[in-house]
Student: 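Pasting a structure below so you can have a look.
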Amino acid sequence: MNEPGNSAPSTDSVPPPPRPSSSALAVAGRELWRAPFSAKVGLLIIATYIFVALFAPVIAPYGESEIVGPQFDVWSEDHPLGTDHLGRDMLSRLIYGARNTVGIALLTTLFAFLLGGTCGILAATLGGWMDQLLSRTVDVLMAIPALIFAMLLLTIFGTSIINLILIIGVLDATRVFRIARAVSLNVVVMDFIESARLRGEGLAWITMREVLPNIMPPLVAEFGLRFCFVFLTISALSFLGLGIQPPTADWGSMVRDTSTLITYGDITPLLPAAAIAILTIGVNFVVDWFLHKTSGLKDEH
Amino acid sequence: MLIQRLSLGLLTLFVVSVIIFLAVGMLPGDAAQAMLGQAATEETVAALRARMGLDQPAPVRYFHWLMGILQGDFGQSIANGREISELIGGRFANTIFLAVFAAVISVPLALLLGILAALYRNSIYDRTVNVVTLSSISTPEFFVAYILILFISVQWGLFPSLANVGPTTPFLERLDKTFLPALTLTLVVVAHMMRMTRAAIINLLASPYIEMANLKGISKRKIITHHALPNAWAPIINVIVLNLAYLIVGVVVVEVVFVYPGLGQLLVDSVQRRDLPVVQACCLIFAATYVLLNLTADILSILTNPRLLHPK
Amino acid sequence: MSESQGELLLEMKGLRIEGYSDEQWHQIVKGVDLTLHRGEVLGLIGESGAGKSTIGIAAMGYAKPGCRINGGTIKFDGMELTTMSESKKRKLRGARIAYVAQSAAASFNPAHKLIDQFAETVVEHGKGSREQAYADAKELYARIKMPDPDRIGFRYPHQVSGGQLQRAMTAMALSCRPDLIIFDEPTTALDVTTQIEVLVTIRDIVEQFNTAAIYITHDLAVVAQMADRIMVLRYGETVEEADTRKMLSAPEKDYTKSLWAVRSFRKEDEAPAAEPTPLVKVENVTATYARGLVPVLRGVDFEIHRGHTVAVVGESGSGKSTTARVITGLLPPQEGKVYYDGQELPADYHKRCKDQLRQAQMIYQMADTAVNPRHRIRDIIGRPLSFYLGMEGDARERRLRELMEMIELQPDQFLDRLPGELSGGQKQRICIARALAAEPTFIICDEVTSALDQLVAEGILRLLDHLQRDLNLAYMFITHDLATVRAIADEVIVMLQGQIVEQGPKDDIFTPPHHEYTDLLLSSVPEMDPDWMDRVVNERREKGGLGAAGN
C-alpha cells in the first residue's frame, strides 16, 4: 500500500485484531459474572418482582379484593401478614400490588419515553423553530414542580388510572425530552450526520438509523431512572389518596390504609413501603452499573 | 445576561400563572356550578356566576384574579367559603419553617459528605456512601418517615410522631415537634445533594488548571481553597438551590404523614375535596417558590462566574 | 544554543510507565533512558502513542491520573524522584522543575489574574514576596515583548489571546527560575503566525536564563529550531538519539528516515488542461452567520476545473471551511452564486436534487466523527451505493469490494467491522471510499490529514493523488498546513478574514513577490533547517516586523 522505497510500516496496512469469537450471549454472561455485587442483587430483585407480577394469581393465597377476615387481623397461619382495614389479606394484596403498581408505573414510563424521546430527538435533529417551540413548552411545564402539577391536573380531570398514566406520563416526558434532546444534540453535531444530510437522506433515516443507535445506552439508563421516579411519584400520589384508587391493590395506598398500625408498633404498613423501596433500589443498582459500563452520564440527579 | 435571566424568570412566573388559571377552565362546568352543586337552579348559578365575575371573558377574569393575588386576595374556598388567604397564611409559614429546618441540617451535611467523597474517590468510604445514598434516593419519603416514627417515636419515645403545632406553639416545642419531619426530609435530600456535590467536585478536579496547580507544586490544601473553590461556587449553589426546590415538593408527603398543618397538607385535603380555588392558590404558591428558587440559582451562578464577572 | 556540556541535571534509567484502561494495565513507556545536562534542550519527538508526554511529565515525578511509574529510576540533580515523598516532590515542582502545557487557555485558572497565578508559585515556594513577584513578572513580560507588560498581568485568562496566554505561561514557568522546564507541545494548538512568536519567546528565555528544557512535539521542523539534541520515540521506546544537526542530516534508523522523508512527497503529474467550463464556480459569494450579524465571507470568487486540486489556505477564522459550507449548500450565501458544470446550484442543499448532491462529496478532518460508530463498514460504504445508484445484492457487494481495493484495504478483513476497531488512517480511508461510492466528480477535503500522524497523513495524500489521476476528480483541499499545499495543490487560494487575498497557480503563489499576508504565512512555517528561525527573526527585524510580536 505504501509506495516502494518507503520502508516504514504504516499502521493503515495492519488489519484490526481478530474479533472475540464468542457469541453475544456469552459476552453478556461474562459481563454479568463480572458485575459488582450490588448489580447482581439488583438484577435478582428485578427478576423476583417480574416473576411475582406475572404469576400473582397463582402465588397469592386469596383474591385481590376479597374480604376474608376481620379488620386489622394480626399475623396468623391463615393470614401470614394479617389483614387490612377492610379485612382483606395483606399478603395477597401485596402480591397483586406488584402487578398493579409496577405495571402502571411501567406503562407510564413507556408512554413518557415514547412521547418525550420522540420529541427530544426530533427537536435536536430539526433544530430551528421546532426545537424552540418544544423546548420552551417543556421549560414552562418544568417550571411547575411535577407532583404539584400532577395534583392540580388530577383534581381537574379526576383520578382514574388512565388519567394517572396520561398526566404523569406527559409530565415525566418533559424530563425525557430534556435528556433525549441533550444526548441527540451531541450526536447531531457530528460530521456523519452532516454527511447523511448532504447525501440527501430523509428525516426518518437520520433519526432512526443515524441518531437513535448512538443514544441508546444513555436512554436505556435513563429509562431505569425515570421508571424509579415515576414509580415513586405514583406511589406518593396513591399514598396521598390521589393515585390508584380502591379496590385495586396498590402499595402506596396500602401504606396509607394501614398507617394507623404504626403507632402501635406494628410494622405491617412498612411492608408495602419496603416493597416499593426495594424495587427502586434494585433498579438503581443495575442502572448505576450500566452507567459505569457505558461510562456516559454519571450521577444524574 | 443578568437582566435577560431576570426577565425570563418573570416571564416564566407569568406563564405559570396563566397555565394554572387556564387549567381550571378545562373543568367541565365552572366554579359556580361546583360550589352550588347539581341541585341548584339555573338562575341561582347564573347569579353566583355574575357575582364571581365568571360571565366575563377569560382575559378579564385572569387580570382580576392576578390583581387580587398581588394584593393578597386569593378568593374564597368552595368547601367552607372562607377567605383563602386566611387559610394559607399561617400554613405557608409552617411549611417554610419545616423546609428551612431541614435545609439547615442537610445543606452543610451534604456538602461536607459530598466533598469528602469526591476527594477520597473510589475509597471504601466513597463506595459505601454511593450504595447508601443510592438506596436512600430510591426510598419513598413515607417509608423513611414511618421507619423513623416506628423507632424514634414509638419504640424509643424520643420525639413525637404528631407534628401538631399551632400559631402559639413556643419555638423550642416547635423544634421538638417538627424534628421527625425535618429529619425525614433531611435523609431524603442529603443523598441527592451529596451525590450531586460529589459529581460537581470530581468534574472540577479533573480540569487542566488543577493539574497545572499540582505541577506548580501548590499544596493540596491550597489547591482546594484557592483553585477549586472559586470555581466550585456555581455548581455548588446550583446543587443547593435545586435541592431546596426539591424540599418544597417533598414537604407535601411528609406533612401528610406527620399531620403537620402546612401548605402541602392543605393542598392534599383540597384536592380530595376538589376545592379548586384553594388548589389553584396552593399550586401557584408552590410553583412560584420553585421558579424563584431556580431563578436565584441561575443568578447566583452568573454572579460567581469569573468569565462573566470580568468581561473582556 | 550553547553546546557547552554542563553538569548532569536529569537522568532516567529504564523508565517504565503503565496506564489503566479497559480494566487492565497497559505499558505506555517501555524502559527509556534519558539524560539531560544543565542548560541543554532535549527534543522529544514521536507520533501519537509514542509516550513522549508521559515521559516528559515523569521528569517531575508525576504520572497523570490513571497512570503509574512501574519501573526504572528518575534522578533529578542527584535526587531520586520515584521514591521521593509527595510533599518533597511538591517542593521541587514549580520551583526547580516547571511545566508549560499545550492548552494555556485550559491550564490557567479562570478565577485568577495572570499575575497572581505567576506570583502564587513564588510565594508558595518561599522565593519572594508577592510584590517582588509582581515586579519580576512585569519585567519578564516586558522581556518577552508582551504588549503593555505593566498591566497585561492584571487581566484574567479569558481576556487575553491564545498566543499571549501561551507566552504568559512560559513566563510563569520561569517565575522561580527553575533548572528545568518541560514544554509539552506548547504551540500545537496555535496558528502558524502565532506559533513563531511563541517559539521565539521560548527560545529566548531558555537561552537567557540558561535553563535546561525538555521540548515535546510531533513537529520535526519545530524541534529542529528548539533542541540541542533530539530523541525519537515510538511505542514507548527510544528509536534513536543524537545532536540536532546530526539527527537531521544523517538519521540512522529506518523509522527516523521515514519520518524525515514525509515532507518530500510532491504531486508528480501536471494537472490536465483546464476545460472551458469550470466544474465548480463560486461567484462573488458573501455569507454571514447569526442572521446577517456576523459577516464571514466577503466577495469570494474562484473556479475549480475537472481533475484539478485547488488548495484553500488560511488560519483559523479565515473562512475557508465556511466556503465549503456555502458550496455544499449547508450555509446559503447572502449574495453570490455557486455553479456546477455551468448550471447554477440551488443555494440550500435541501433544494438540490439527488444527482447534484451525488456529484459533490465531502471528506472531513475527524474521521472518528465522520462515520457512524454504530454502523458496519459495509453499511457505511454501501449506503451511497444503494441510495444514489440503486445497487443491491451481488452488484453492491462486488462494488463494495472494488472500492475497498481502491482504498487499499482488504475487503474480508474490514467489511464487517465497526469503525471503532480501525485506526485513524483506516477510518479516513473508509471516508474516502464512502465519497467515491457516490461516483462524484468533485470532492471537498476539509483538513483531511491534520488529525493524522505524519506518516499516515502522507499515505492518505498519496492515495488521494492517485485516485485523482485514475478518476479525473477535482479536489477542493482546505488546509492550514502549507506543506500539504506544496505536496498536492495545482492552484492555491489564500484566505484571510473571509476574503481571498491571493489566488493563482501553485508555483506563482510560492514564488516571490507575494502578497504581504501570504509572505507572513509562508515565512512563518517552520523548516527543517535548524537555522531557519534565526534567519526569519533577522529578516523580520530588518523589516521591523517581529519586534512588536503580539496581536
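These figures come from a predicted structure and were not determined experimentally. Heavy-atom basis, side chains included; hydrogens, waters and symmetry copies ignored. Chain A is the first sequence line, chain B the second, and so forth, proteins listed ahead of strands; every chain is numbered from 1.
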Student: With a cut-off of 6.0 Å (strictly less than), are more than 12 heavy atoms of other residues, nucleotides or ligands near CZ of C:Arg151?
Tutor: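 At most 12 heavy atoms, drawn from other residues, nucleotides or ligands, come within 6.0 Å of this atom.
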Student: Between C:Asn109, C:Ile182, C:Thr121, who has the most heavy-atom pairs with chain B when the cutoff is under 4.5 Å?
Tutor: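 Ranked by heavy-atom pairs under 4.5 Å with chain B, first place is C:Asn109.
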Student: Is atom CD of C:Glu315 surrounded by more than 12 heavy atoms (other residues, nucleotides or ligands) closer than 6.0 Å?
Tutor: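 Enclosed.
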Student: Do C:Pro65 and B:Glu211 come close enough that some side-chain heavy atom pair is under 4.5 Å?
Tutor: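 In short, these two side chains touch, coming nearer than 4.5 Å.
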Student: Rounded to the nearest 0.5 Å, what separation is found between the OH atom of C:Tyr62 and the CG atom of B:Leu215?
Tutor: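 That separation rounds to 5.5 Å.
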Student: Within a 6.0 Å radius of atom CG on B:Leu70, are there more than 12 heavy atoms belonging to other residues, nucleotides or ligands?
Tutor: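 Count over threshold, so yes.
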Student: Let me know if C:Ala98 has heavy atoms under 4.5 Å from chain B in its side chain, its backbone, both or neither.
Tutor: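 No part of it gets close to chain B.
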Student: How about B:Tyr120: does its OH atom have over 12 heavy atoms from other parts shown lying under 6.0 Å from it?
Tutor: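 No, because the 6.0 Å sphere around OH of B:Tyr120 holds 12 heavy atoms or fewer from other groups.
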Student: So which part of C:Glu86 gets closer than 4.5 Å to some heavy atom of chain B, the side chain, the backbone, both or neither?
Tutor: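 Neither part.
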Student: In terms of heavy-atom proximity below 4.5 Å to chain C, should B:Lys222 be classed as side chain, backbone, both, or neither?
Tutor: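 Only the side chain of B:Lys222 comes within 4.5 Å of chain C.
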Student: So does B:Phe63 have more than 12 non-hydrogen atoms from other groups sitting under 6.0 Å from CZ?
Tutor: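 No, not enclosed.
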Student: Does the C:His112 side chain pair with the main chain of B:Pro230, one donor and one acceptor, at a distance under 3.5 Å?
Tutor: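 Side chain of C:His112 to backbone of B:Pro230, a donor-acceptor pair under 3.5 Å: no, none is there.
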Student: More than 12 heavy atoms of other residues, nucleotides or ligands under 6.0 Å from CD of C:Gln24: yes or no?
Tutor: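 Enclosed.
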Student: I want to check something: taking the side chain as every heavy atom from C-beta on, are B:Ile218 and C:Arg93 in contact at a cut-off of under 4.5 Å?
Tutor: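 Contact flag for B:Ile218/C:Arg93 side chains = no.
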Student: Please report the interatomic distance OG(B:Ser219) to NZ(C:Lys91), rounded to the nearest 0.5 Å.
Tutor: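 Interatomic distance, B:Ser219 OG to C:Lys91 NZ, rounded to 0.5 Å: 10.0 Å.
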Student: Heavy-atom distance under 4.5 Å between the side chains of B:Lys216 and C:Glu120, does that happen here?
Tutor: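 SC-SC contact between B:Lys216 and C:Glu120 confirmed.
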Student: When you compare the side chain of C:Phe108 with that of B:Met212, does any pair of heavy atoms fall below 4.5 Å?
Tutor: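 The answer is no, as the side chains (C-beta and beyond) never meet within the 4.5 Å cut-off.
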